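Beneath this line is the structure, given in structure tokens, with notes to follow.
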There are 2 protein chains.
Amino acid sequence: MSLRHALLGLLDAAPMTGYELDQILDETFGYPWTAPRSQIYPSLRQMEAEGLIEAEVKHTGERERREYRILEPGRAELARWVAEPVPYAGARDAAHLKASMMNMVKLDEAEKLFLAHRDHFRQRLEIWNKRIDAIQAGTSPLLEARLRDQPPDEQAKLIAFKLCGYEGSAMRARTEIEWAEHGLVTVASLRQATRTPNSIDVA
Amino acid sequence: MSLRHALLGLLDAAPMTGYELDQILDETFGYPWTAPRSQIYPSLRQMEAEGLIEAEVKHTGERERREYRILEPGRAELARWVAEPVPYAGARDAAHLKASMMNMVKLDEAEKLFLAHRDHFRQRLEIWNKRIDAIQAGTSPLLEARLRDQPPDEQAKLIAFKLCGYEGSAMRARTEIEWAEHGLVTVASLRQATRTPNSIDVA
DNA sequence: ACATACATGTAATGCGTTACATGATTAC
DNA sequence: GTAATCATGTAACGCATTACATGTATGT
């Protein structure tokens, strides 16, 4: 149940609408959690009913916006959750599973999959790097909002842990890229071996 | 929908019962996919109904065992799935999310979480390494069963891709361990900074 | 006028977790 | 006799994906 805590964490930085939260929880933004609208809006309503957050209904002409702010019970719940152990799930990785069965398909197909994997995580890495740069340069609006009402030593903690979280994501992306490249080398050497069946495998 | 393909992949090596599949798809075994009984048995029944696999009902005394074997449509579906692009999901990592909010908890709590992360992935790495060793040593019964009726150049492909899949899992585990250690360093340097508030941060 | 961004939701379906439920065989 | 292993399931619940559904404000 991390979605609720991702939302609480964002609302802890600044009051926001569901729409704004949705933009941050989008794949392309680069937040360590993603979710679609269909999860966000009901979740906000639920947390409001539970007294974790509070909505202020604002009107822009005819349009209604519900701006949510975090309440003390919400902040307490967030702190409780952070300290709670991570519920590590069993290994479940479609890319690794496929790789282990690639003997079933042509080497060209295997190569395509590894290229797609590398490209996907290259894009991801770019996103994480941008976020890391923004945190370090002080150009992340959310983080700057959070830093405002904090004492100096709390600021250092805040920045250090934010960076740490994003570093984890970046490290993972780098590993995936590295693995995909390893896969491409494997494909290349198998191709070589098939072309010259009687030579010794150079890999 | 990778569970079905994990099952098909295993049945492609040798006919098996749901019970045997459950043991392999357990966290502690070290297969790149995990699943509980409650998913395995219904999945097998469904694939049987769809003609992808076939059950041979065997009797050991009073007890009934349903031994499933893969059929040609099942093998075809498996090959189709392997070549299909991986459906990459949005980033969703509770550990990274928590790390980015660790400013909310005591440094001791943060340290505990990183230690747990490191230990969890150390255990995982050990499991992956054992599987890699077994593949290389030729002591994996499943792989040996698979190798039997394959021509020599297909055998090389099989081993290379199996290793590649497991290497991916091992690389990931190593990265998680490294990240946890990075987190521990971060905690330690913050602790130092809090103890000697006027000194320059040595991190 | 038209496109884009703003803004909020519901419904259906599938995957994954946890708990519940039962009983036979084998080894000690 | 009793514990571990073999063996097969069902039920309830929650989280995630995709599709559906609607309408306003703003910039060009």
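Just so it is clear, the structure is predicted and the values come from calculations on it, not from any experiment.
Heavy-atom distances under 4.0 Å link DNA chain D to no residue of residues 8-29 of chain A. In the region residues 39-49 of chain A, proximity to DNA chain D at under 4.0 angstrom, judged on heavy atoms, holds for Gln39(A).
As rounded to whole Å, 5 Å separates atom P of dA7(C) from atom CZ of Arg65(A). Counting to the nearest Å, the P atom of dA16(D) and the CG atom of Leu3(B) are 18 Å from each other. Rounded to whole Å, atom P of dT18(C) lies 13 Å from atom CE of Met1(A). For Arg92(A) and dA16(D), the CZ to P distance is 13 Å, given to the nearest whole Å. One interatomic measurement links the two molecules: NE2 of His59(A) to C1' of dC6(C), which rounds to 16 Å at whole-angstrom precision. The interatomic distance linking Glu64(A) (CD) with dA25(D) (C1') rounds to 15 Å, in whole Å.
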Would you give me the side-chain donor-acceptor pairs under 3.5 Å for residues 35-43 of chain A, sequence neighbours excluded?
| residue | atom | partner | partner atom | Å |
| --- | --- | --- | --- | --- |
| Tyr41(A) | OH | Tyr19(A) | N | 3.4 |

Distance-only donor-acceptor hits, side chain of residues 181-188 of chain A, under 3.5 Å, sequence neighbours excluded:
| residue | atom | partner | partner atom | Å |
| --- | --- | --- | --- | --- |
| Thr186(A) | OG1 | His182(A) | O | 3.0 |

Extract all donor-acceptor atom pairs below 3.5 Å that involve side chains of residues 169-178 of chain A and protein atoms in other chains or at least two apart in sequence.
| residue | atom | partner | partner atom | Å |
| --- | --- | --- | --- | --- |
| Ser169(A) | OG | His96(B) | ND1 | 3.2 |
| Arg172(A) | NH1 | Glu176(B) | OE2 | 2.0 |
| Arg172(A) | NH2 | Asp93(B) | OD2 | 2.5 |
| Thr175(A) | OG1 | Met171(A) | O | 3.0 |
| Thr175(A) | OG1 | Thr175(B) | OG1 | 2.5 |
| Glu176(A) | OE1 | His117(A) | NE2 | 2.7 |
| Glu176(A) | OE2 | Arg172(B) | NH1 | 2.0 |

Show me the side-chain donor-acceptor pairs of residues 55-62 of chain B shorter than 3.5 Å, one per line, residues at least two apart or across chains.
| residue | atom | partner | partner atom | Å |
| --- | --- | --- | --- | --- |
| Lys58(B) | NZ | Glu67(B) | OE1 | 3.3 |

Nucleotide by nucleotide, nucleotides 21-28 of chain C touches protein heavy atoms under 4.0 Å in the pattern (B base, S sugar-phosphate only, - none) --BBS---
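Residues satisfying the side-chain hydrogen bond (donor to acceptor under 3.5 Å, both in side chains) test with Arg80(A), not counting sequence neighbours, are Glu77(A), Glu84(A). Listed by chain and number, the residues in a side-chain contact (heavy atoms from CB on, under 4.5 Å) with Gln155(A) are Leu147(A), Gln150(A) (sequence neighbours excluded). Among residues two or more places apart in sequence or in another chain, the side-chain hydrogen bond (donor to acceptor under 3.5 Å, both in side chains) test is passed with Glu167(B) by none.
Ser189(B) and Gln192(B) share no side-chain donor-acceptor pair at under 3.5 Å.
Defining each end axis of the helix from dA1(C)-dT28(D) to dC28(C)-dG1(D) as the rotation carrying four pairs' C1' atoms onto the next four, with five pairs an end, the two axes are found to diverge by 30° to 10 degrees.
Remark on DNA chain D: of its neighbouring residues Arg4(A) and Ser38(B), the 5'-side contact belongs to Ser38(B), judged by nearest-heavy-atom nucleotide.
Taking every side-chain heavy atom of Tyr68(A) into account, dG9(C) is the closest of dG9(C), dT17(C), dG16(C).
Put simply, the residue from Ile70(B), Leu11(B), Asp22(B) that forms a side chain to side chain contact (heavy atoms under 4.5 Å, CB included) with Met16(B) is Leu11(B). A salt bridge (charged side-chain N to carboxylate O under 4.0 Å, His left out) with Arg66(A) holds for exactly one of Glu48(A), Glu54(A), Glu20(A); it is Glu48(A).
Residues Ala94(A) and Trp81(B) come closest through the heavy atom pair O-CH2, 4.4 Å.
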Got a list of protein N/O to nucleotides 1-3 of chain D N/O distances below 3.5 Å?
none

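Residues Met102(B) and Lys157(A) fail the side-chain proximity criterion, which asks for heavy atoms closer than 4.5 Å.
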